S.K.: 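After the structure tokens below, expect a handful of questions from me.
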Amino acid sequence: MEKVLAINSGSSSLKFKLFVMPAEEVIAAGKIERIGIKDSRVEIKYGLGQKYEKVEDIKDHKVAVDLLMKLLIKLEIIRDYMEINGVGHRVVAGGEYFKHSEIVDDEVIRKIEEIQDLAPLHNPANLIGIKAFKEILPYVCSVVVFDTAFHQTMPEENYIYSVPYEWYEKLGIRRYGAHGTSHRYVANEAQKLLNQPLKDLKLISCHLGAGASICAIKNGKSFNTSMGFTPLAGLTMATRSGDVDASAIAYAMDHLGISSIDEMLEILNKQSGLLGISGVSSDMRDVSQAARAGNHRAALAGQIFERTVVDYIGQYIAEMGGVDGIIFTAGIGENSVSLRAHIVEKLAYLGIELDAGENSKRGINNIISTPNSNVTVMRIMTDEEVMIARDVVALEASQAD
Ligand code: ADP
């Protein structure tokens, strides 16, 4: 039995889950927010519904990690630091260097630093977390788990853009995708529901949260995915535009007097998607409520979101030459009964049939299509953190071999 921390560190935040492995039991979870900003907030849930909360100034990630470790002892979640056997860190972009998770060493850190321009908002923050834990727990096995790594199996024809090929050769511009840890986790759960090994399956995983992406998974490997060079591409998202004709962007910049591309990217990342279309909210629950109350733009935002999901499902069925299972996961995919129903309705021409009773169940992983359906549709709750903890245990074991 060992204890493993799964860490997701952002520029001003640090989220964690502490697992007992291999049981995969979560014994504590929480977050530290507003690091480096006044009035930082610490929240830890543990034990049988206990909760620790405090507001205090935390000047940087090293202080945050130090505080977290001391709190784990003070709250009697662990007795001493030696109980932590491994720490796994989520890293957003792994470029072409990282095809799977890796144990952190100087070379791994150097490579993550080298490619930080691929995710300028995320990778530097992820690195700060990695270094802070290395200082405070220097002897503990430290592992990096990349959002992009799962997609490194995509064939060339699915990741090269139709632009001058030198852009790829000189700058590494290509489709990298994201949400790989989630797609990998739900595919693994799907094989249990389908009772068939991943190597025999063609799956389409729909990770529909605030950020949303779809992945075609052929024989257990990512075959194609909707996000691109960055997570801005693909589906309509909470505030991200998804795919847009580049000429429309140039035209809007000209006519709206937007002179900097950074300002335009801010609009495409933060003011577009469900929020941009509806003008109501970036949150699907608010958008759906406004649509029910008769707001046309809110209804339109929902319809466009669903249409983009159906577009990619159709594309990936064609590219894989069929599909055995379609998975819905993440905030919207797991919780919106009506969204799943609408999408399956649009796929009825393929002989896909929804089981309304199963579709309305909550809080479980289940098959939501009828036994007669040509394709099995599933609702699966994603768990990126447990995947991180599993990778830590697997890499630790390989190191010991
Ligand atoms: P992320 O992890 O990308 O921040 P989540 O996976 O938590 O996002 O998903 C957030 C989205 O899930 C929000 O748009 C929220 O409205 C949506 N969501 C949560 N519950 C429901 C629900 N019952 N019906 C529709 N959408 C929901």
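Keep in mind that this is a model prediction, so the values were computed, not measured. Only heavy atoms go into these numbers, but all of them, side chains included; no hydrogens, no water, no symmetry mates. First listed ligand is number 1; within each ligand, the first listed atom is number 1.
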S.K.: Do Val87 and Phe16 have side chains that get closer than 4.5 Å, going by heavy atoms?
M.R.: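 Side chain of Val87 against side chain of Phe16, heavy atoms only: no contact under 4.5 Å found.
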S.K.: For ligand 1, give me the residues whose heavy-atom distance to it is below 4.0 Å, by chain and number please.
M.R.: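 Residue list for ligand 1: Gly209, Ala210, Gly211, Asp283, Met284, Arg285, Ala330, Gly331, Ile332, Asn335, Ser336.
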S.K.: Once you round to the nearest 0.5 Å, how far does CE of Met237 lie from CG of Leu274?
M.R.: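 So the CE of Met237 and the CG of Leu274 are separated by 10.5 Å.
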S.K.: Can you find a heavy atom in the side chain of Phe146 that is under 4.5 Å from one in the side chain of Gln152?
M.R.: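 No, every pair of side-chain atoms sits at 4.5 Å or beyond.
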S.K.: Any donor-acceptor pair under 3.5 Å linking the side-chain atoms of Thr225 with those of His179?
M.R.: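 No, no side-chain donor-acceptor pair sits under 3.5 Å.
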S.K.: Any salt bridge between Glu266 and Lys270, counting N to O under 4.0 Å?
M.R.: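 Result for this pair is yes, salt bridge flagged.
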S.K.: Working to the nearest 0.5 angstrom, can you tell me the gap between Glu385 CD and Arg390 CZ?
M.R.: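 Spacing of CD (Glu385) from CZ (Arg390) equals 12.0 Å.
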